Engineer: 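Take a look at this one; I'll ask things after.
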Number of protein chains: 2
Amino acid sequence: MDERQALVAFGALSQETRLRLLRSLVVAGPDGIAAGSLAEQVGVSPSNVSFHLKELERAGLVTARRDARSIVYSAEYDALSGLIRFLMEDCCSGRPEICAPALATPCCQPGEGRRQ
Amino acid sequence: MDERQALVAFGALSQETRLRLLRSLVVAGPDGIAAGSLAEQVGVSPSNVSFHLKELERAGLVTARRDARSIVYSAEYDALSGLIRFLMEDCCSGRPEICAPALATPCCQPGEGRRQ
DNA sequence: TCAATATTTCAAGGATTATTGAAACGTGGA
DNA sequence: TCCACGTTTCAATAATCCTTGAAATATTGA
């Protein structure tokens with residue numbers, strides 16, 4: 001993940017609808033969700049959801065595949081972990097004390113989910 | 001770090017000048033850097049650097065204090081680690097396998113700096 | 001107090017991004 | 001083949017963001 005990719009990725013995550021879309025896709029797992037279902041879940045119009053999905057795709061955070069009439073999107077886990085890594089490396093450059101609290105996050109121990 | 005804060009923070013990081021500013025401030029450490037020096041370092045006009053620093057401040061990623069004629073900015077380490085944490089919790093909700101590769105990042109082991 | 005320094009604020013302009021609805025496209029079933 | 005479905009594309013508009021330079025503010029030292 002180079003700086004340019006990170007910039008685009010941050011831009012993609014800075015919009016409410018897109019953040020919700022990505023969250024749904026992460027929770028859905030590798031099987032993904034069809035564009036239409038996503039539109040219902042986040043409550044926006046089909047053309048608007050298409051616009052934002054394209055933006056997430058441009059950022060490399062999701063991928064699309066056709067399944068019959070539907071187009072199924074799924075989260076790109078590698079890109080997400082790459083972005084976390086970019087942020088950690090940027091922040092920690094010379095300052096490991098920044099990452100330490102984040103690394104204490106319990107979400108990634110096996111069996112743990114999102115904090116309430 | 002709630003969703004609204006995260007959205008603003010991602011927006012702040014999605015701009016090249018601001019990302020450079022933040023990087024300089026992180027490397028500089030808690031002592032911070034004066035606005036004018038930052039303007040020189042990143043190569044933008046004083047008024048433009050002021051605009052972007054205000055944006056970073058609005059996002060909670062930096063703080064400002066006056067020191068004589070200068071205004072000295074410094075990175076808000078807590079906000080940065082909070083953002084990393086938000087990303088990890090969001091990504092890992094139900095999917096710890098996303099974070100695992102990011103957590104293998106060597107940057108945060110004591111004594112390590114940014115990866116080359 | 002005056003001038004110089006460091007920075008911010010403001011207004012104007014241009015550039016990018018978001019939303020909307022209509023039209024177009026590809027797919028599968030009758 | 002034809003129609004319905006799911007989705008994308010397009011054009012137009014609205015909204016937001018970025019840049020620029022000039023003027024304003026606060027501070028320091030002569």
Side-chain angles (χ1 to χ4, degrees), chain A residues 3-25 28 31-76, chain B residues 3-25 28 31-76:
Chain A
E3 178 177 315
R4 190 142 302 274
Q5 284 180 286
L7 281 169
V8 177
F10 286 135
L13 295 181
S14 70
Q15 209 279 340
E16 196 174 358
T17 300
R18 288 196 293 261
L19 191 56
R20 279 200 217 137
L21 287 170
L22 187 66
R23 258 210 272 247
S24 290
L25 290 173
D31 289 350
I33 310 182
S37 308
L38 281 169
E40 273 186 29
Q41 276 187 38
V42 307
V44 304
S45 72
S47 86
N48 197 17
V49 95
S50 177
F51 170 80
H52 286 301
L53 284 170
K54 227 180 63 178
E55 200 67 12
L56 285 168
E57 197 176 15
R58 189 173 70 89
L61 295 171
V62 308
T63 45
R65 69 189 151 85
R66 179 174 280 277
D67 176 18
R69 274 186 266 210
S70 294
I71 300 200
V72 175
Y73 286 86
S74 31
E76 269 291 317
Chain B
E3 179 179 313
R4 190 142 303 273
Q5 284 180 286
L7 281 169
V8 177
F10 286 135
L13 296 181
S14 70
Q15 211 278 340
E16 196 174 0
T17 300
R18 286 194 296 260
L19 191 56
R20 278 201 219 135
L21 287 170
L22 187 65
R23 257 208 273 246
S24 290
L25 290 175
D31 288 350
I33 310 181
S37 308
L38 282 169
E40 272 185 31
Q41 275 187 37
V42 306
V44 305
S45 73
S47 87
N48 198 15
V49 96
S50 176
F51 171 81
H52 287 301
L53 284 170
K54 228 181 64 176
E55 200 67 12
L56 286 168
E57 196 177 16
R58 191 174 69 90
L61 295 171
V62 308
T63 45
R65 70 188 149 86
R66 178 175 281 277
D67 176 19
R69 275 188 265 214
S70 296
I71 299 201
V72 175
Y73 286 85
S74 32
E76 269 292 317

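Atom set for the values below is all heavy atoms of this structure, side chains included, hydrogens, waters and symmetry mates excluded. Chain letters run A, B, ... following the sequence lines, proteins first and then strands; every chain starts at 1. What you are looking at is a predicted structure, and each value in this text was computed from that prediction instead of being measured.
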Engineer: Is there a residue in residues 54-68 of chain B whose heavy atoms reach under 4.0 Å of DNA chain C, and which residues are they?
Structural biologist: B:Lys54
Engineer: Counting only heavy atoms and a strict 4.0 angstrom limit, can you tell me which residues of residues 34-51 of chain A come near DNA chain D?
Structural biologist: A:Ala34, A:Ala35, A:Gly36, A:Pro46, A:Ser47, A:Ser50
Engineer: What is the distance from CG of A:Leu19 to C1' of C:dA18, rounded to the nearest Å?
Structural biologist: 16 Å
Engineer: To the nearest angstrom, how far is B:Leu53 atom CG from C:dT9 atom C1'?
Structural biologist: 14 Å
Engineer: Salt-bridged, A:Lys54 to A:Glu57, with N to O below 4.0 Å?
Structural biologist: no
Engineer: Checking side-chain contact (heavy atoms from CB on, under 4.5 Å) against B:Leu21, which of B:Val44, B:Val49, B:Val62 comes through?
Structural biologist: B:Val49
Engineer: Enter the distance from A:Leu53:CG to A:Leu61:CG here, rounded to the nearest 0.5 Å.
Structural biologist: 11.5 Å
Engineer: Looking at A:Glu3, I want to see if its CD is surrounded by more than 12 non-hydrogen atoms of other residues, nucleotides or ligands under 6.0 Å.
Structural biologist: yes
Engineer: Under 4.0 Å between a side-chain N/O of A:Tyr73 and OP1 or OP2 of D:dT8, yes or no?
Structural biologist: yes
Engineer: Would you tell me if any nitrogen or oxygen in the side chain of B:His52 comes within less than 4.0 Å of OP1 or OP2 on D:dC17?
Structural biologist: no
Engineer: Do A:Arg18 side-chain atoms and A:Arg20 backbone N/O form a donor-acceptor pair below 3.5 Å?
Structural biologist: no
Engineer: Side-chain N or O of B:Gln15 less than 4.0 angstrom from OP1 or OP2 on D:dT16?
Structural biologist: no
Engineer: Between A:Ser74 and A:Asp31, is any pair of side-chain heavy atoms under 4.5 Å apart?
Structural biologist: no
Engineer: Counting side-chain heavy atoms from C-beta on, which of C:dG28, D:dT28, C:dT7 comes nearest to B:Arg69?
Structural biologist: D:dT28
Engineer: What distance do A:Ile33 atom CD1 and A:Glu40 atom CD have between them, rounded to the nearest 0.5 Å?
Structural biologist: 11.0 Å
Engineer: Supply the atom-to-atom distance B:Tyr73 OH to B:Ser50 OG, rounded to the nearest 0.5 angstrom.
Structural biologist: 5.5 Å
